[in-house]
Chemist: 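Once you've had a glance at the structure underneath, I'll fire off some questions.
All ligand and atom numbering here is 1-based and tracks the order in the structure. Only heavy atoms go into these numbers, but all of them, side chains included; no hydrogens, no water, no symmetry mates.
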Amino acid sequence: MKPQAARYAVIGDPVEHSLSPRLFGLLFEQLKLNANYRAERVPTDQLGAFLKRVRAGEFQGLSVTLPHKVTITSLLDGLEQQAVRIGAVNCVRVEGKKLFGHNTDLGGLVRTLHHHLGGHPTRKKVLILGAGGAARAAAVAMGSLSAAEIVIANRTLARAKSVAELVDHGQALPLDNDLRTACAKADVIINATSVGLLSRADPLPETCALRSHQVVLDLVYRPLETALMRRARESGCTVIDGLWVLVYQALFQLALWEGRDVEAVQAEALHAALAPEAR
Ligand code: NAP
């Protein structure tokens with residue numbers, strides 16, 4: 001009898017435009033895995049009922065996207081340490097009838113920087129724009145790389161303060177024109193706001209000049225080159241798009257679900273195949 005394919009899904013609301021089904025489809029193909037992956041729209045009031053179906057064996061693992069990344073943390077049987085610290089889950093691993101929450105955005109971000117910079121950027125001065133779940137993962141990731149300084153700049157200052165408290169050498173600032181000095185000092189700048197998503201808006205105030213030694217990573221990957229990235233490219237910076245983080249965090253998810261080494265996966269091929277869809 002043919003073995004049953006493993007079943008995975010991304011849950012969110014909305015979820016129709018997620019690139020994850022295409023990404024995991026390519027990944028299963030590359031690894032010759034007998035598995036399928038689909039997008040499941042799950043409204044918040046149906047999340048508990050949906051997780052019952054997962055406990056009953058309908059899925060072997062889940063990717064989790066907005067608006068469930070925080071809500072789901074209280075509905076699982078356990079959380080790995082980084083997910084507790086970040087306060088958000090983007091991956092659920094199923095063990096029998098138990099569900100465990102992980103956060104692979106952190107690993108995806110660290111792996112992306114390693115890929116592009118040819119090593120881990122340690123002891124850097126970092127400026128993170130935003131204070132939502134992605135910013136929390138970015139702050140903890142940069143903290144894990146022993147950043148010398150982590151400035152969190154956000155429209156809502158109180159949220160920036162709570163992210164800055166997550167890390168050593170963290171500082172909170174409002175996301176406004178006074179960011180000039182912090183921007184000039186930064187080695188690495190990460191956009192973790194949703195500004196630029198499906199728009200030409202730029203989250204970094206105009207008064208902040210970019211310099212060619214700086215690395216600029218935009219977690220927004222639709223469009224693939226955001227206004228911030230274009231400005232950084234024109235300033236001679238090293239520019240990295242968010243699609244890399246999406247690819248690498250997916251590899252970490254698959255490693256958790258299937259318990260296998262994914263080092264051999266060609267991340268470049270996945271990025272190249274998905275790039276036209278993110279434009
Ligand atoms: P979130 O929790 O909703 O946070 C959104 C952030 O954007 C908040 O800091 C918010 O500031 C800020 N923001 C929204 N509109 C703004 C505006 N008009 N001006 C200034 N700041 C504004 O979202 P998230 O989960 O952290 O995700 C953030 C972005 O990262 C999204 O675009 C998401 O797609 C992307 N992301 C990418 C990856 C990847 O794999 N590449 C992974 C995770 C997330 P306030 O606090 O003031 O509201």
Chemist: For atom CD of Glu16, is the number of surrounding heavy atoms from other residues, nucleotides or ligands below 6.0 Å larger than 12?
Modeler: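 Result for CD/Glu16: enclosed.
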Chemist: Which one of Tyr8, Phe50, Tyr37 satisfies the ring pair (Phe, Tyr, Trp, His ring centres under 6.0 Å) criterion with Phe59?
Modeler: Phe50
Chemist: Is atom 12 (C) of ligand 1 near the protein, in the sense that some protein heavy atom lies at less than 4.0 Å from it?
Modeler: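 Protein heavy atom within 4.0 Å of atom 12 (C) of ligand 1: present.
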Chemist: Backbone, side chain, both or neither: what part of Thr193 comes under 4.0 angstrom of ligand 1, heavy atoms only?
Modeler: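 Both backbone and side chain.
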Chemist: Closest non-hydrogen protein atom to atom 37 (C) of ligand 1, residue and atom name please, with distance?
Modeler: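 Going by distance alone, atom 37 (C) of ligand 1 is nearest to Leu219 O, 3.2 Å.
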Chemist: For Gly130, counting its heavy atoms only, list the atoms of ligand 1 lying under 4.0 Å from any of them.
Modeler: 9 (O)
Chemist: Could you say whether the N/O atoms of Gly242 and ligand 1 ever approach to under 3.5 Å?
Modeler: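 Yes, since at least one N or O of Gly242 sits under 3.5 Å from an N or O of ligand 1.
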Chemist: With only distance considered, is Leu66 within less than 3.5 Å of ligand 1 through an N or O on each side?
Modeler: no
Chemist: Which pair of non-hydrogen atoms, one from Asp13 and one from His68, has the smallest distance, and what is that distance?
Modeler: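 Reported closest heavy-atom pair: N-NE2, 4.5 Å.
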Chemist: Using a strict 4.0 Å threshold on nitrogen-to-oxygen distance, state whether Arg53 and Glu58 make a salt bridge.
Modeler: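 Yes, this pair counts.
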Chemist: Taking only heavy atoms of Val245 into account, list the atoms of ligand 1 that are under 4.0 Å away from them.
Modeler: 40 (O), 41 (N)
Chemist: Going by the atom numbers of ligand 1, which of them fall below 4.0 Å from some non-hydrogen atom of Gly132?
Modeler: 2 (O), 4 (O), 9 (O), 26 (O)
Chemist: Among all protein non-hydrogen atoms, which one is nearest to atom 26 (O) of ligand 1, and what is the separation to 0.1 Å?
Modeler: Ala134 N, 2.8 Å
Chemist: In terms of atom number and element, which parts of ligand 1 are under 4.0 angstrom from non-hydrogen atoms of Arg159?
Modeler: 8 (C), 45 (P), 46 (O), 48 (O)
Chemist: Could you point out which residue of Val64, Val10, Val92, Thr104 forms a side chain to side chain contact (heavy atoms under 4.5 Å, CB included) with Gln253?
Modeler: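 Per the side chain to side chain contact (heavy atoms under 4.5 Å, CB included) rule, the option paired with Gln253 is Thr104, out of Val64, Val10, Val92, Thr104.
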Chemist: Students should be able to answer this: which protein heavy-atom is nearest to atom 42 (C) of ligand 1, and at what distance?
Modeler: Asp105 OD1, 3.8 Å
Chemist: Under the criterion ring pair (Phe, Tyr, Trp, His ring centres under 6.0 Å), which of His115, His271, His114, His116 is the partner of Tyr248?
Modeler: His115
Chemist: May I ask whether atom 3 (O) of ligand 1 is less than 4.0 Å from at least one protein heavy atom?
Modeler: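 For atom 3 (O) of ligand 1 the answer is no, since every protein heavy atom stays at 4.0 Å or beyond.
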Chemist: Give the contacting part of Val195 toward ligand 1: side chain, backbone, both or neither, where contact means a heavy-atom distance below 4.0 Å.
Modeler: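 Answer for Val195: side chain.
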Chemist: Can you name the nearest heavy-atom pair linking Glu40 to Ala9, along with the distance?
Modeler: CG-CB, 4.0 Å
Chemist: Between Ala192 and ligand 1, which residue portion shows a heavy-atom distance shorter than 4.0 Å: side chain, backbone, both, or neither?
Modeler: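 Contact part for Ala192 vs ligand 1: backbone (N, CA, C, O).
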Chemist: So is there a nitrogen or oxygen of Lys69 less than 3.5 Å from a nitrogen or oxygen in ligand 1?
Modeler: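 For ligand 1, there is no N or O atom that lies under 3.5 Å from one belonging to Lys69.
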Chemist: Is there at least one pair of N or O atoms, one from Asn154 and one from ligand 1, spaced under 3.5 Å apart?
Modeler: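 Right, the criterion is met.
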Chemist: Any atoms of ligand 1 less than 4.0 Å from a non-hydrogen atom of Gly133? List them with their elements.
Modeler: 2 (O), 26 (O)
Chemist: Between Ala139 and Ile150, which heavy-atom pair has the shortest distance, and what is it?
Modeler: O-CD1, 3.7 Å
Chemist: For ligand 1, which atoms, with element, lie under 4.0 Å from some heavy atom of Val220?
Modeler: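 In order of number, 32 (O).
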Chemist: Does a side-chain N-to-carboxylate-O contact under 4.0 Å join Glu277 and Arg222?
Modeler: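 No, this pair does not count.
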Chemist: Under a 4.0 angstrom heavy-atom cut-off, which atoms of ligand 1 come close to Thr156?
Modeler: 45 (P), 46 (O), 47 (O)
Chemist: For ligand 1, indicate whether the residue Leu246 contacts it via side chain, backbone, both or neither (heavy-atom separation under 4.0 Å).
Modeler: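 It is both backbone and side chain that touch ligand 1.
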Chemist: Working to the nearest 0.5 angstrom, can you tell me the gap between Gln171 CD and Ile128 CD1?
Modeler: 12.5 Å
Chemist: Do you know the tightest heavy-atom contact between Tyr221 and Gly242?
Modeler: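 Shortest heavy-atom contact: CB-C, 3.8 Å.
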Chemist: With distance as the sole criterion, is a donor-acceptor pair present between the side chains of Gln249 and Asn90 under 3.5 Å?
Modeler: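 Present: a donor and an acceptor within the cut-off.
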Chemist: Does a sphere of radius 6.0 Å around NE2 in His17 hold more than 12 heavy atoms from other residues, nucleotides or ligands, not counting ones at 6.0 Å or beyond?
Modeler: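 No - once you tally the heavy atoms of other residues, nucleotides and ligands closer than 6.0 Å, there are 12 at most.
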Chemist: Among all protein non-hydrogen atoms, which one is nearest to atom 14 (C) of ligand 1, and what is the separation to 0.1 Å?
Modeler: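 Ranked first by proximity to atom 14 (C) of ligand 1 is Ser194 OG, 3.3 Å.
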Chemist: Which protein non-hydrogen atom lies closest to atom 48 (O) of ligand 1, naming both residue and atom, and how far is it?
Modeler: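 Its nearest protein heavy-atom neighbour is Arg155 NH2, 2.9 Å.
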